[in-house]
Amino acid sequence: MKFSRYFSLFFTMFVFAVCFNVRISFAQNPGERQQIAKNTIETIDLKTAEKTTPAAASEEKSNKANGAAASSTMLHRVGVQTDQTVPISLDEAIRTALENNNQIEVARDDVRFQETQLRSILGVYDPVFSVSPTFSRNSSTGSGASNDFRVDSNFNRQIKPGGGNYNVFLSSSQTGQNSRNNTNFNQTSGLASSSSTTYFSNLGISYNQPLFRNFRIDNTRRQIKIQRKRLQQTDADFRRQTIEVISQVQRSYWDLVFAMRDQQNRVANLNLARENLRQVEARIEAGAAAPLARAEVATELANRETDVLLATQQVSITENTLKTLLLKNPESPQWSQSFVPTDKPVLSLDAVSLEDALKDAKDNRPELRRLQLQKDINAIDISYFKNQIKPQIDLNTTFSLGGLSLSGQNSETTTFPVIAANAPLNADAFLLNEINRVRASLTTAGIPIEAQPRIPNQTVSGLPDYLSGGTTRSFQNLFRTDAPSFSVGVTFSFPVGNTTAKADLAGARIQDEQIQAQSRSQEQAIIAEVRNAVQSVETARQRVLTARRARENAEIQLEGERKLFEVGRSTTFLLFQRENALTNARNSEIRAETDYNKALSDLQRATSTTFRVNNIEVNSPVDDQ
């Protein structure tokens, strides 16, 4: 075990000594100045070695082509056509999400559903018109059939103020001869026989009005008020969900900006390693460098290729996250296109005011608005349950007009004897005949009797003209002075104990205390969230400034290390460290810039100023009064 350790140490020292001697030989020959690729700040710029021969130029072109092909392979993303780019700004991304995002669509449909629920409850106050025509035929053994016809119509409506309701009714009936359904016979028996056809019309209105309980509020008006508050709650939920989606779009957009710029930096760093490898291989072929130098550069090249692959994967992940927020259909052809952000991160040197941020949050946060609406709903319940404890006193009134007419009756005056002379058909006439016969026989026998009395006549008036007729006459009679009828009544209801209403009222008061505690808790959470968001913005702003200084110093260090390497006073290992440090510094600066913009997005979400900052107008839901 010790022998292997000593052997490894000895072999390492031997290799180091060989490399050191080779480096000294390069330094002692000023005619062979080593070349090193330079990495600019924002662009990919490769400064290759001086071309001394046409063969070297051809070799350089071949190496560039091979490197471009390898980079293209590593930049390939599964299911994405990188040549089909879609430039997109942050504002365009937000507008697209507002139109296509499925989560926003779900929240929008919730608002629309609550609108229909409100209209459904308001439908209680829609007038209802009903007509019921009825025809009946009645017959029994030994009697003729009768045909009856009746039409009933009603117009009902609930009245929102006061909780009353009225009913306008109009009915017309035709009762046939000998009908058992002749409900108006008591009215016509003094005028004609029940064998007449009776026409009866009725027009009137009834009105019911609660005077104590259910006067200021009843269950219907309570549900309408609550539904209006729930509609506003769903609107608050929609705004909260929309703000959340916009914030996710902003964060995903800046993540994609960072991922693509990180990928560019990794590719530039990879191309530097490839150029260094080409130069080292040229020196090895010229005998100016040991073959071992190729392994060191090739190792660094492989590491940077891995970095490019991981950066490409991160581009796909962030792009898919953004597409999930922007695309509506899973089968959209834009899934195979490459989104290219066009906006660059911005930086403001002005600090954020914590007091203004807290004020905006208290004024705009949908969560606080929702809790306030829940408190309003509970206040409606308390008002309703208080009303239900009261006794019920209802006023009931009815006013109607009745019209009557008869058909099949004689309307002329008729005179006829009290006792008809047709003895076989009339008992009185038969008795009178017998008396007259006895009187005649007595007179013949010489018995004196009084003179035969005269039979008096009876005069019967016919049916009055205003009662003679059919349905039209009955409607005309509705407006006679003797047609009106009315009734006024009061209904009293006194609940004993009224345990349910009292328990409901007590429960509503407990819920009011619970909502107050929830509001305090939510407000505290919002204050903490806003304070954290303001701190994040300030920290990200400071990170941008420090990252810029770090990147500038890393560029200076790399330039110095490159010059040392050119004169033979540095090694490839140290040069690679400086290159990687510069790449990391650039990525840190990009990350700080995108984190600053993400922190601004989080601050907009925490203060609910997203709509105002991004010039977005949200229409309030329809409230049918």
Side-chain angles (χ1 to χ4, degrees), residues 74-108 238-267 306-346 529 532-533 536-537 540 543 586-606 608 610-611 613-614 616:
M74 285 183 290
L75 296 179
H76 173 71
R77 289 186 282 142
V78 178
V80 178
Q81 302 294 330
T82 54
D83 56 339
Q84 298 181 4
T85 60
V86 179
I88 185 171
S89 65
L90 179 58
D91 184 69
E92 291 173 345
I94 293 175
R95 306 296 168 179
T96 303
L98 292 176
E99 295 177 0
N100 299 334
N101 185 266
N102 292 308
Q103 296 178 2
I104 294 179
E105 183 66 22
V106 171
R108 185 185 296 114
F238 169 75
R239 294 171 184 268
R240 179 186 58 79
Q241 183 63 46
T242 304
I243 291 174
E244 183 66 29
V245 171
I246 293 175
S247 178
Q248 293 176 5
V249 170
Q250 292 172 326
R251 294 180 63 87
S252 299
Y253 186 89
W254 294 122
D255 284 341
L256 181 58
V257 169
F258 169 78
M260 298 193 74
R261 291 182 63 179
D262 176 63
Q263 184 189 47
Q264 294 174 0
N265 288 336
R266 300 295 180 183
V267 171
T306 301
D307 293 340
V308 172
L309 291 174
L310 293 176
T312 303
Q313 179 185 5
Q314 192 61 30
V315 170
S316 293
I317 293 174
T318 54
E319 185 183 59
N320 289 334
T321 302
L322 182 60
K323 288 180 178 179
T324 303
L325 297 170
L326 302 188
L327 302 183
K328 186 173 186 178
N329 297 319
E331 298 82 10
S332 175
Q334 290 182 308
W335 281 100
S336 61
Q337 297 176 349
S338 177
F339 283 8
V340 179
T342 58
D343 289 1
K344 294 182 179 181
V346 296
E529 185 178 359
N532 292 336
S536 297
V537 171
R543 283 176 53 203
R586 288 176 177 173
N587 288 340
S588 297
E589 182 182 9
I590 298 171
R591 172 58 74 184
E593 290 175 350
T594 54
D595 285 351
Y596 175 77
N597 286 266
K598 289 164 62 177
L600 289 179
S601 172
D602 291 340
L603 179 61
Q604 294 174 13
R605 180 185 55 80
S608 292
T610 303
F611 296 147
V613 174
N614 295 280
I616 298 173

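Only this structure's heavy atoms are used, side chains among them; waters, hydrogens and symmetry mates stay out.
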field: Contact list for residues 310-330, test side chain to side chain donor-acceptor pair (under 3.5 Å), sequence neighbours left out
entry: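 Matches after skipping sequence neighbours: Arg77-Glu319, Gln263-Thr312.
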query: What pairs meet the side chain to side chain donor-acceptor pair (under 3.5 Å) rule with one or both residues in residues 95-105, with sequence neighbours excluded?
result: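 Output for this query lists Asp91-Arg95, Gln103-Gln241, Glu105-Arg108.
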task: For Arg239, enumerate each residue passing the side-chain hydrogen bond (donor to acceptor under 3.5 Å, both in side chains) test, keeping only those at least two apart in sequence or located in another chain.
output: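 side-chain hydrogen bond (donor to acceptor under 3.5 Å, both in side chains) check on Arg239 returns Asp235.
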So, for [X] and [Y], which heavy atoms are closest and what is the spacing to 0.1 Å?
X      : Y      : answer
Tyr596 : Val346 : CD2-O, 3.2 Å
Leu90  : Asp343 : N-OD2, 3.0 Å
Thr342 : Pro87  : CG2-CB, 3.8 Å

- prompt: Taking only residues two or more places apart in sequence or in another chain, which ones pass salt bridge (charged side-chain N to carboxylate O under 4.0 Å, His left out) with Asp602?
  reply: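 Asp602 satisfies salt bridge (charged side-chain N to carboxylate O under 4.0 Å, His left out) with Arg251 once adjacent residues are dropped.
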- request: Report the residues that fulfil salt bridge (charged side-chain N to carboxylate O under 4.0 Å, His left out) with Arg591, sequence neighbours left out, ordered by chain and then residue number.
  value: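 Here the qualifying residues are Asp255, Asp595.
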message: If I take atom CZ from residue Arg586 and atom CD from residue Glu589, how far apart are they, to the nearest 0.5 angstrom?
response: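 Rounded to the nearest 0.5 Å, the CZ-CD separation comes to 9.0 Å.
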query: Roughly how far, to the nearest 0.5 Å, is the CD1 atom of Ile94 from the CG atom of Asn614?
result: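 CD1 of Ile94 is found 4.0 Å from CG of Asn614.
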Any side-chain heavy atom of [X] within less than 4.5 Å of one from [Y]?
X      : Y      : value
Ser247 : Thr610 : no
Arg605 : Glu244 : yes
Val80  : Ser336 : no
Ile88  : Val340 : no
Gln250 : Asn597 : no

Mind checking what makes side-chain contact (heavy atoms from CB on, under 4.5 Å) contact with [X], not counting sequence neighbours?
X      : answer
Leu322 : Val249, Ser252, Tyr253, Leu256, Leu326, Phe339
Asp262 : Phe258, Arg266, Ala311, Asn587
Ala606 : Arg365, Glu529, Val530, Ala533
Val613 : Gln604, Thr609

message: Strictly below 4.0 Å, N to O, side chains only: are Arg261 and Glu593 in salt-bridge contact?
response: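 Result for this pair is yes, salt bridge flagged.
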